[in-house]
Amino acid sequence: MKTFNVYKLWPIEPVKAKGCKVWDKNGQEYLDLYGGHAVISIGHAHPHYRKMLGEQAEKLGFYSNSVQNSLQEELAEKLGKQSGYEDYSLFLCNSGAEANENALKLASFVSGKKRVVAFKGAFHGRTSGAVAATDNPKIVSPFNAGHEVTFVPMNSISFVEAELAKGDVAAVIIEGIQGVAGIYMPDPMFMKELSLLTRRFGVFLILDEVQSGYGRTGKFFAHQYSDIKPDMITTAKGMGNGFPIGGVLISPDIKAEYGMLGTTFGGNHLACAAAIAVLDVIESESLVMNAFEVGSYLIENLQRIQRGNPGRIAGIRGKGLMIGIEMESGFEDVRNRLLFEDHIFTGAAKTNIIRLLPPLSITKEDADLFLKCFIHQLSK
Ligand SMILES: Cc1ncc(COP(=O)(O)O)c(C=O)c1O
């Protein structure tokens, strides 16, 4: 059998990594400013993470969600404390798409409504319709399968209001910062208005922090730059530092009932051990602060480079270590040369935006190396 190859692959195979460095099978070293797509939060192969996972694998890797699992409680408690959502509860799953699916499903279960409002340019995952093909009235209500979605422009509250006024909307879902669209942060004033509006209409507000969460932007969640408290927050990527895990943080106003949500693998022992280790390291190494400091340093310097290179860079956007460099020209050349000449991994969005999503443990020296190489490649 061959793999069902749905990705355009770079001709590089990483086989080893440590911190912000990755080595390919020929021994070539790379600086990782991509973090495996915003997944590596505490750095590759962190000793505490390796220890926790190794010890858990020796004890118990998996048992089902039908028995007690105190690791889930420990994870929920630590996540609540670090994120400021101590009064919320945590549903665990395996990925970002699943976290969003569960949040939307829960919103429909509770509200008895089917329609969802999302924003132009949004990305919330790639799954489609498993619950709609499930024939079990305990799991599928007439409302929670096959959501109808209406897309509205970002930062325009009147468009959202017009939809909510129709009375059939279960939830509004929005990214903390739009990632795949090219790093667009919603205006904090708009977020505040959105929060008040959803509350006024009794519609659930779901914050997708799958990419922008877990300290990446210099706050635990990006929406914490606005003074709001959503009804549900979804998370994944950085949560397991590469071990698949996702979660939905759920407001205390939403009460759990048996059968509402469920999963085979979600919250398993290994995934919880990985996620607890991640939170331990985020706290002990002050990685949210580091993301803010090194991220701000990168953004300020990139803006300086933009001013010094007219006609090359259309915009620098982002917060902390979620940065978009929108190129006016030479996007592919610059990105290819960064990879093949300077050995620096970067991410991309659309056809002209370089995305930086490094581990939160990146140092100022790593940032300087990137800036030096970027200036050099721009000058060619
Ligand atoms: C904002 C956002 N939501 C959801 C997802 C989907 O996550 P996953 O690929 O883990 O299903 C992504 C993935 O890139 C994302 O960026």
Side-chain angles (χ1 to χ4, degrees), residues 4 6-8 33-41 91-107 116-131 147 149 151 154 171-186 191 194 205-217 219-225 230 232-249 261 263-268 271 274-275 278 317-324 345-350 353-360:
F4 189 62
V6 292
Y7 302 104
K8 195 174 151 201
L33 296 194
Y34 177 49
H37 206 75
V39 165
I40 302 302
S41 46
F91 175 76
L92 289 164
C93 55
N94 309 287
S95 69
E98 257 187 78
N100 288 328
E101 291 272 359
N102 280 293
L104 292 170
K105 189 175 154 196
L106 192 54
V116 169
V117 170
F119 291 88
K120 292 198 190 285
F123 181 86
H124 298 294
R126 295 170 191 266
T127 51
S128 96
V131 78
H147 290 100
V149 182
F151 291 96
M154 180 95 88
V172 176
I173 184 165
I174 184 167
E175 284 159 85
I177 294 182
Q178 283 194 336
V180 172
I183 315 291
Y184 289 97
M185 185 162 186
M191 291 296 261
L194 186 61
L205 177 59
I206 301 172
L207 246 299
D208 178 344
E209 295 274 6
V210 167
Q211 189 169 149
S212 54
Y214 255 75
R216 174 155 301 283
T217 65
K219 299 250 186 212
F220 199 89
F221 291 120
H223 72 263
Q224 290 170 322
Y225 281 100
M232 286 179 250
I233 302 152
T234 58
T235 177
K237 290 192 188 291
M239 189 174 185
N241 201 50
F243 201 99
I245 184 166
V248 189
L249 282 71
L261 305 177
T263 161
T264 300
F265 294 117
N268 71 73
V278 166
R317 292 187 294 274
K319 274 274 181 209
L321 295 172
M322 186 167 175
I323 301 173
F345 282 136
T346 58
K350 293 199 176 143
I353 300 165
I354 297 175
R355 251 193 301 177
L356 304 183
L357 304 161
L360 312 185

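Just so it is clear, the model here is predicted, and its values are computed rather than measured. Numbering of ligands and ligand atoms starts at 1, following listing order.
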Is it the side chain, the backbone, both or neither of [X] that has a heavy atom closer than 4.0 Å to ligand 1?
{"X": "T234", "value": "neither"}
{"X": "H124", "value": "backbone"}
{"X": "H37", "value": "side chain"}

Can you report which non-hydrogen protein atom sits closest to [atom], along with the distance?
{"atom": "atom 15 (C) of ligand 1", "value": "F123 CD2, 3.6 Å"}
{"atom": "atom 6 (C) of ligand 1", "value": "A97 N, 3.6 Å"}
{"atom": "atom 16 (O) of ligand 1", "value": "Q211 NE2, 2.8 Å"}
{"atom": "atom 8 (P) of ligand 1", "value": "G96 N, 3.5 Å"}
{"atom": "atom 9 (O) of ligand 1", "value": "K237 NZ, 4.7 Å"}
{"atom": "atom 3 (N) of ligand 1", "value": "D208 OD2, 2.8 Å"}

Q.
Out of the candidates H124, H223, Q178, only one should pair with D208 under the side chain to side chain donor-acceptor pair (under 3.5 Å) rule; please name it.
A.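 The side chain to side chain donor-acceptor pair (under 3.5 Å) with D208 is passed solely by H124 among H124, H223, Q178.
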Which atoms of ligand 1 have any heavy atom of [X] under 4.0 Å away?
{"X": "N100", "answer": "3 (N), 4 (C)"}
{"X": "E175", "answer": "1 (C)"}
{"X": "S95", "answer": "10 (O), 11 (O)"}

Within-4.5 Å side-chain heavy-atom neighbours: [X] and [Y]:
{"X": "F91", "Y": "N102", "answer": "yes"}
{"X": "V39", "Y": "L357", "answer": "no"}
{"X": "N94", "Y": "T263", "answer": "yes"}

Q: Would you check whether E209 reaches within less than 4.0 Å of ligand 1, judged by its heavy atoms?
A: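 The answer is no, since E209 has no heavy atom less than 4.0 Å from ligand 1.
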Q.
Can you tell me if R126 contacts ligand 1 (heavy atom of the residue under 4.0 Å from the ligand)?
A.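 The answer is no, since R126 has no heavy atom less than 4.0 Å from ligand 1.
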Q. Are K237 and Y214 in a cation-pi contact, defined as NZ or CZ under 6.0 Å from the six-membered ring centre and within 45° of the axis?
A.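 Geometry flag: not set, cation outside 6.0 Å or 45°.
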Q | Heavy atom of protein closer than 4.0 angstrom to atom 11 (O) of ligand 1 | A |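 Within 4.0 Å: yes, protein heavy atom nearby.
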How long is the gap from [atom1] on [X] to [atom2] on [Y], to the nearest 0.5 Å?
{"X": "I183", "Y": "E175", "atom1": "CD1", "atom2": "CD", "value": "9.5 Å"}
{"X": "E101", "Y": "L261", "atom1": "CD", "atom2": "CG", "value": "11.5 Å"}
{"X": "M185", "Y": "R317", "atom1": "CE", "atom2": "CZ", "value": "13.0 Å"}
{"X": "N100", "Y": "K105", "atom1": "CG", "atom2": "NZ", "value": "14.0 Å"}

Q: Please report the closest heavy-atom contact between S212 and G176, naming both atoms and the distance.
A: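 For S212 versus G176, the nearest heavy atoms are OG-CA, 3.6 Å.
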